Amino acid sequence: MTKVLARIPATSANLGPGFDTLGMALSFYDEYEAEVIDSGLEIVIHGEGKDTAPTDETNLIYKTMKLVFDANGKKMPNIRLTCHNNIPHGRGMGSSGAAVAGGVMLAAGLLAPEIELSEQQLLEYGTELEGHPDNVAPALFGGLTIAWVDETGPHHKKLAVHRGLSPLVLVPPHQMSTKLARSLQPESVPHTDAVFNVSRSALLVAALTQSPELLLAATEDRLHQNYRASAMPETSELIEALRAEGHPAVVSGAGPSVLVLEDDPAKRLRAVELTEQKFPQWRALTLAVDVKGASVNGQSGSGS
Ligand code: HSE
């Protein structure tokens with residue numbers, strides 16, 4: 001292949017208690033095109049990040065593509081990379097996870113059919129630059145994913161969510177740095193809080209797949225959200241107000257967006273109205289769960 005087009009979904013990680021583990025793909029996409037050219041590197045960015053994302057070899061999509069070529073003993077070709085970015089940057093919607101998933105898929109597309117990468121290779125390459133797999137796994141494979149890491153590398157299990165699930169992402173105009181959010185977390189937590197999150201994240205898998213009426217209880221967290229709250233006060237205030245009205249609201253990824261996991265579109269509409277009253281400058285995205293994940297030239301990361 002000499003020209004490939006990748007489509008990558010936004011993702012929301014953590015989903016409340018599932019810190020660095022649970023993630024969900026959403027029906028909101030970036031599209032990246034890579035074309036082999038005679039010489040040089042050309043990167044053109046449209047939409048989100050057009051004035052801020054790097055257009056040289058430090059570009060995350062390019063860096064990931066090169067990593068995949070190197071790992072397979074192939075020379076990275078000269079390319080023109082065109083990015084049509086919709087996923088907002090620094091908002092907890094998986095824009096960097098989308099970039100690395102996109103880099104992996106573009107490289108896979110250019111290497112095929114001579115080299116066919118496995119699902120496991122896609123996840124390993126994607127996780128290498130991102131550090132943790134909770135956004136990369138759903139970006140690549142779609143749906144709800146449980147991701148974990150052991151001495152052999154990252155792994156994932158994809159699950160189908162309950163068909164009534166109606167996700168809502170509330171996006172503020174300001175950004176939050178994942179690095180800063182991670183620096184606010186303590187080295188250790190009380191045993192009771194660890195037990196609290198074990199129970200809620202186990203319950204959350206059941207709530208998302210079978211029993212959405214349990215979502216309010218299942219989205220409670222004590223591992224990360226409170227520690228990070230001082231860095232995103234509007235986010236905390238909105239989550240508190242939404243949860244007080246019975247909406248299962250959590251920080252999306254490292255924030256500052258809010259994810260609401262409703263089991264009914266009417267309740268979702270009420271959550272949008274409450275947000276508009278409180279913070280009219282926030283954007284409300286009423287989305288669906290993306291079940292396909294990343295694709296390159298129409299072929300998805302999970303081969304379907
Ligand atoms: N699990 C990650 C975090 C997601 O909350 O820091 C953001 O990359």
Side-chain angles (χ1 to χ4, degrees), residues 10-27 91-94 134 138 143-146 159-172 181 189-190 192-229 232-279 282-290:
T11 51
S12 185
N14 301 332
L15 312 181
F19 182 68
D20 277 2
T21 302
L22 296 179
M24 185 183 283
L26 299 165
S27 60
R91 304 301 208 292
M93 289 186 69
D134 51 339
L144 165 68
T145 54
I146 305 171
L159 299 170
V161 300
H162 191 275
R163 65 181 190 289
L165 200 76
S166 307
L168 166 68
V169 185
L170 302 162
V171 189
V189 296
T192 47
D193 288 355
V195 172
F196 184 96
N197 268 58
V198 170
S199 68
R200 297 321 189 271
S201 52
L203 183 62
L204 183 54
V205 172
L208 286 170
T209 55
Q210 302 166 15
S211 312
E213 71 281 2
L214 294 172
L215 277 165
L216 188 63
T219 47
E220 291 182 297
D221 161 69
R222 285 194 192 161
L223 275 191
H224 62 104
Q225 294 186 167
N226 283 347
Y227 296 112
R228 296 168 164 185
M232 35 187 156
E234 285 191 5
T235 301
S236 304
E237 194 183 326
L238 183 58
I239 289 175
E240 201 178 321
L242 286 164
R243 293 189 71 89
E245 299 285 324
H247 301 286
V250 297
V251 179
S252 182
S257 295
V258 171
L259 172 71
V260 189
L261 291 167
E262 291 294 0
D263 62 354
D264 156 4
K267 292 188 203 162
R268 176 165 72 175
L269 189 58
R270 285 203 294 281
V272 172
E273 287 165 359
L274 192 152
T275 306
E276 280 169 354
Q277 283 162 14
K278 224 174 162 42
F279 296 122
W282 285 46
R283 189 174 162 204
L285 300 172
T286 51
L287 304 174
V289 178
D290 169 280

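Everything numeric here is computed off the predicted structure, so don't read it as measured data.
Of the options L22, T21, N14, a side chain to side chain contact (heavy atoms under 4.5 Å, CB included) to D134 is made by N14 and by none of the others.
A284 approaches V272 most closely through the heavy-atom pair CB-CG1, 3.9 Å. A pairwise comparison of heavy atoms in A207 and A218 identifies CB-CB, 3.9 Å as the closest pair. Closest non-hydrogen pair, S252 versus S12, comes out as OG-OG, 2.7 Å.
Here the side chains of M93 and L285 are in contact, with some heavy-atom distance below 4.5 Å. The shortest distance between side-chain heavy atoms of T209 and L144 falls below 4.5 Å. Inter-residue side-chain proximity for L15 and T219 is flagged as unmet; no heavy-atom pair is nearer than 4.5 Å.
Residue pairs meeting the salt bridge (charged side-chain N to carboxylate O under 4.0 Å, His left out) criterion with at least one partner in residues 208-225, sequence neighbours excluded, are D193-R222, R200-E220. Listed by first and then second residue, the salt bridge (charged side-chain N to carboxylate O under 4.0 Å, His left out) pairs involving residues 233-254 are E237-K278 (not counting sequence neighbours).
Separation of atoms CG (L269) and CG (L274) is listed at 11.5 Å; rounding is to 0.5 Å. The distance from atom CG of L203 to atom CG of N197, rounded to the nearest 0.5 Å, is 12.0 Å. Taking CG of L159 as the reference point, atom OG1 of T145 lies at 8.5 Å (rounded to 0.5 Å). Once rounded to the nearest 0.5 Å, the distance linking CZ of R228 with OG of S236 reads 11.5 Å.
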Return all side-chain donor-acceptor pairs below 3.5 angstrom for residues 163-171, not counting sequence neighbours, or 'none' if the list is empty.
from : atom 1 : to   : atom 2 : distance (Å)
S166 : OG     : G164 : O      : 3.3

In a table with atom names and distances, give each donor-acceptor pair under 3.5 Å that connects a side chain of residues 253-263 to protein atoms at least two apart or in another chain.
from : atom 1 : to   : atom 2 : distance (Å)
S257 : OG     : R91  : O      : 2.7
E262 : OE2    : H247 : ND1    : 2.4
D263 : OD1    : K267 : NZ     : 2.7

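The ring-ring contact (aromatic ring centres under 6.0 Å, His included) test applied to F279 returns W282, not counting sequence neighbours. Every residue meeting the ring-ring contact (aromatic ring centres under 6.0 Å, His included) condition with H224, not counting sequence neighbours, appears here in chain and number order: F19.
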side-chain contact (heavy atoms from CB on, under 4.5 Å) between L242 and T275, worked out = CA-CA 8 Å; L242 286 164; T275 306; 4.3 Å; yes
